[in-house]
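Read through the structure below, which is laid out as structure tokens, and then see the notes.
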Amino acid sequence: MINNTGKVAAIFGVRNEESIAYNIAVKLHQSGCKIALSYVEDTRDEVLYLLEKLGLDTKLAMQVDVRDEAQISNFLNSVYNTHGPIDYILHGVAFANTKVLCSNFLGSKEPIPAYIDIPFEDLMDSFNISAYSLLRIARVAERLLQKNASILTLTYNAANRVIPQYGGMAINKAALENIMLYLASYFRNKQVRVNAISAGLVMTTSSGGINGVRKMRKLGKYLAPLGNIDAGDVGDAALYYFSDLSKKVSGNIHFVDGGFNIMAVPVIDEE
């Protein structure tokens, strides 16, 4: 059992109980870690409820728009001033509208936006939230981090493979992975490690409303040697990175997708 007693974690990206970030937060809490959660305006009540459900002080949560460096600074400085140097940071933030995703919502009769028509301004806002925010958070956190701290982000294999109806978010994930690599090198003098988990498709509130997701889950059942995953599988892997077990691991992209990433075609048993 990993013991994180006395450790401090700042977590970006919890939306609700189905969030991968929330599962990671729960596992950190169960391991003895002090956790602080950020939220956005429309997730405030849900996040505060989840903290209360864990028996934690809601003062450990703060509204943060990751496009705003001052808000990130307020949050991380509050964590630092309350609990001391930060040991762990989870970057679990991502956003794209349907024009960027080249997708639409379940039940929509609107045509699926074409990849070639992705609006620049929409893509840049999505990039700002989903990728550049990791760099922004790391910049603010630098002086607040404990030596040998761990920063972890969440990515997806669409950074390297074509995934239908993921569109411009794949651009963001490719950029995110590159930022992670350069941060891993940048933090060498502080011995801070920076890594990414590339999770398989998890049915969350956000993904569940997008057309084609259930077909992708069905495909994963046949394509991935170990089948589909859930948020708990990602949380288990994250706990490795949020522990001393990974003290010499940095710049790594860790696949938690049941082996989906290694396959070219599904293996279907012949009857």
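Owing to the predicted nature of the structure, the values given are computational and were not obtained by experimental measurement.
Side chains of Glu142 and Tyr186: a donor-acceptor N/O pair is present below 3.5 angstrom, by distance only. In this model, no donor atom of one side chain and acceptor atom of the other lie less than 3.5 Å apart for Asn157 and Asn261.
Between Arg193 and Tyr241, the closest heavy-atom pair is NH2-O, 3.4 Å. Residue Glu110 comes nearest to Asn104 through the heavy atom pair O-ND2, 2.8 Å, listed as atom of the first residue, atom of the second, then distance. Heavy-atom minimum distance, Ser130 versus Ala94: OG-CA, 3.5 Å.
Atom NZ of Lys27 has more than 12 neighbouring heavy atoms from other residues, nucleotides or ligands inside a 6.0 Å radius. More than 12 heavy atoms of other shown residues, nucleotides or ligands fall within 6.0 angstrom of atom CZ in Arg139.
At a threshold of 4.5 Å between non-hydrogen side-chain atoms, the residues Leu152 and His254 do not count as touching. Put simply, the side chain of Val79 does not reach to within 4.5 Å of the side chain of Met62, judged on heavy atoms. For the pair Leu28 and Ile11, the minimum side-chain heavy-atom distance is below 4.5 Å. Looking at heavy atoms from C-beta onward, Ile118 lies in side-chain contact with Tyr115 at the 4.5 angstrom threshold. By the 4.5 Å heavy-atom criterion applied to side chains, Asn172 and Leu123 are counted as neighbours.
Taken to the nearest 0.5 Å, the CG atom of Asn252 stands 7.5 Å off from the OH atom of Tyr240. Atom-to-atom distance recorded for Ser246:OG and Ile2:CD1 is 8.0 Å, nearest 0.5 angstrom. Rounding to the nearest 0.5 Å places OH of Tyr132 at 10.5 Å from CG of Leu134.
In this pair, Phe75 and Phe12 present their aromatic rings perpendicular. The plane angle is above 60°, beyond the 30 to 60° band.
With respect to Leu183, the side-chain contact (heavy atoms from CB on, under 4.5 Å) criterion is satisfied by exactly one of Ile151, Leu135, Val192: Leu135.
With respect to the salt-bridge test (charged N to carboxylate O, under 4.0 angstrom), the residues Asp42 and Arg15 qualify.
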